[in-house]
Amino acid sequence: MSRPATDPVDPAAESEPLRRVREGTGLLTTAALRRVDAELAWHRELPAEERSWMGLVVQAAITSFVSWYAQPTGAPTGVSDIFASAPPELTRTISLQHTLQLVRVIVDVVETHSDHLAVPGGERDLREAVLRYSREVAFSAAEVYARAAEVRGAWDARLEALVVDALMRGESDDSLRSRVAALGWSGHGSALVMVGTTETKLDDVKAAELRRATRRAVGDSLVGIQADRVVLVLGGAGDLLEAAQSLVPRFGPGPVVIGPLVPDIAEAGRSATAALAGIAAARAWPQAPRPVQADDLLPERVLIGDLSARHTLIDQAFEPLRASTGSVLETLSAYLGTGRSLEAAARSLYVHPNTVRYRLRKVAELTGWDPLDARESFVLQVALALGELQDGPTP
């Protein structure tokens, strides 16, 4: 870079501007630190040790300007060099916005003192040099932070993929909590996992758009993209089922399965396991709603060998019926075994049809599944079969 055009300077006096600027380094540093503390609230909130490091940074910036002013044809020192005197922890505390505010204050201080530092007639030359220097440092800062953001984004994407994979495998330990915390997971509220597919694998742009959409929908989110399969881990204190419903259009055609709600991210593996089993079994129920909850696919999941679905049906349907009184289990078995006919079941049991109807209402109260509904009676029939098989052959 060449020096800004100015009126010719007497060669004998050419070093005088530089000498005056060098001698004013201490004055500029003191004035800049005073202004930084007065005008930048974030600086005042820093711990005492970090404020002392900021003093080194400001001094380095002033010194860097003086060095460049001595040889203005070279490139100004970059932001990374200015912050080199401070420990790495400080550079992670100071954002790009903070850095640019810092540069603005330093430039303003030098401009304010330009009349005192510059030789008579050289004030404009000094001001233009300050502006050129600040512009180059600002560009350098933007480039440094952009590279850091790109690296951080790539690292976060890899870490996010590892966390989602761990959840899909059912892993849950302290390292998982620390990993999700590193990704910004607040841990407030419950969690669930939803799984679906896309027509084609999402590219970087569409994946970034999906991440933005999930973050708008819920307080916490993780996105896993595995070929054409998309896994969303949703968390927060709001209505996660409603949020999951709003994200369904982000998936391609085909089933979208929502795993059960769990108390926190540590148990999200259970929701993920159920959602994955649901995706594998969903083809067996072509009329399933979209999205469908994994627990609504329990019979189909049993058919593909999902042991958790088997245990759930036995625990939530068969066992309560077996433990009940009033021939409820016997009545349900008769109703299902006679083609779901109230009259036929009543004849086989030698009771009135209203008695059968009353007992079937008890079934719904005990299990949550209504035997008078076609789909739910199928669920109950599978549960009864599993319970009988569990008990083994009759001697």
Side-chain angles (χ1 to χ4, degrees), residues 192 194-195 241 244-245 248 254-261 270-271 273-395:
L192 63 78
M194 64 186 302
V195 181
L241 291 175
Q245 180 75 47
V248 171
V256 176
V257 180
I258 301 175
L261 206 63
R270 178 159 55 87
S271 183
T273 300
L276 286 175
I279 278 288
R283 289 179 299 169
W285 185 17
Q287 296 79 26
R290 188 173 188 269
V292 59
Q293 294 196 39
D295 283 353
D296 290 339
L297 289 162
L298 288 172
E300 290 77 15
R301 288 165 53 190
V302 169
L303 293 176
I304 64 169
D306 183 359
L307 292 179
S308 67
R310 179 189 183 99
H311 295 320
T312 299
L313 280 177
I314 292 174
D315 293 342
Q316 295 185 9
F318 182 77
E319 293 298 344
L321 293 174
R322 182 164 66 172
S324 66
T325 59
S327 302
V328 175
L329 179 59
E330 180 187 3
T331 301
L332 176 62
S333 179
Y335 170 74
L336 296 174
T338 55
R340 296 173 175 80
S341 168
L342 291 172
E343 290 76 12
R347 286 193 300 270
S348 69
L349 295 170
Y350 303 102
V351 296
H352 194 277
N354 284 343
T355 302
V356 174
R357 187 177 288 107
Y358 168 77
R359 291 174 181 175
L360 294 181
R361 284 200 299 269
K362 291 293 292 182
V363 170
E365 293 173 6
L366 289 168
T367 67
W369 286 285
D370 183 0
L372 298 179
D373 177 88
R375 169 67 189 179
E376 294 185 17
S377 69
F378 169 63
V379 176
L380 290 167
Q381 189 161 18
V382 173
L384 261 61
L386 293 172
E388 296 296 342
L389 291 173
Q390 174 187 247
D391 289 342
T394 303

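Between atom OG of residue S271 and atom CG of residue D295 there is a gap of 9.0 Å, rounded to the nearest 0.5 Å. To the nearest 0.5 Å, the span separating CG on L321 from CD on Q316 amounts to 12.0 Å. Interatomic distance, NE2 of H311 versus CG of L307, reported as 5.0 Å (0.5 Å rounding). Note that CZ of R301 and CZ of R310 are 13.5 Å apart. Values are rounded to the nearest 0.5 Å. The CG atom of L313 sits 4.5 Å away from atom CG of L298, with the distance rounded to the nearest 0.5 Å. Residue R347 holds its CZ atom at 7.0 Å from CD of E343, rounded to the nearest 0.5 Å.
Annotation for V328 and R359: closest pair CG1-O, 4.0 Å, computed over non-hydrogen atoms. Between P255 and I279, the shortest heavy-atom distance links the atoms O-CD1, 3.6 Å. Across every non-hydrogen atom of A317 and A383, the tightest pair is CB-CB, 3.6 Å. Considering every non-hydrogen atom in both A275 and V195, the closest pair reads CB-CG2, 3.7 Å. The two atoms that bring I304 and A280 nearest to each other are CD1-CB, 3.8 Å, heavy atoms only. The minimum heavy-atom distance linking D296 with W285 is given by the pair O-CZ3, 3.5 Å.
Within a 6.0 Å radius of CZ in R283, no more than 12 heavy atoms belonging to other residues, nucleotides or ligands are found.
With R340 contributing its side chain and L372 its backbone, the two residues share no donor-acceptor pair below 3.5 Å. In terms of modelled atom types and a separation under 3.5 Å, the side chain of S333 and the main chain of L329 share no donor-acceptor contact.
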Using the salt bridge (charged side-chain N to carboxylate O under 4.0 Å, His left out) rule, take E300 and R375 through it: C-alpha gap first, then chi angles, then the decisive distance, then the call. CA-CA 12 Å; E300 290 77 15; R375 169 67 189 179; 2.7 Å; yes
Could you check T331 against Y358 for side chain to side chain contact (heavy atoms under 4.5 Å, CB included), going step by step and ending with a plain yes or no? CA-CA 10 Å; T331 301; Y358 168 77; over 6 Å; no
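For E330, the side chain to side chain contact (heavy atoms under 4.5 Å, CB included) criterion is met by S327, L349, not counting sequence neighbours.
Side-chain contact between L241 and Q293: present, with at least one pair of heavy atoms (C-beta onward) separated by less than 4.5 Å.
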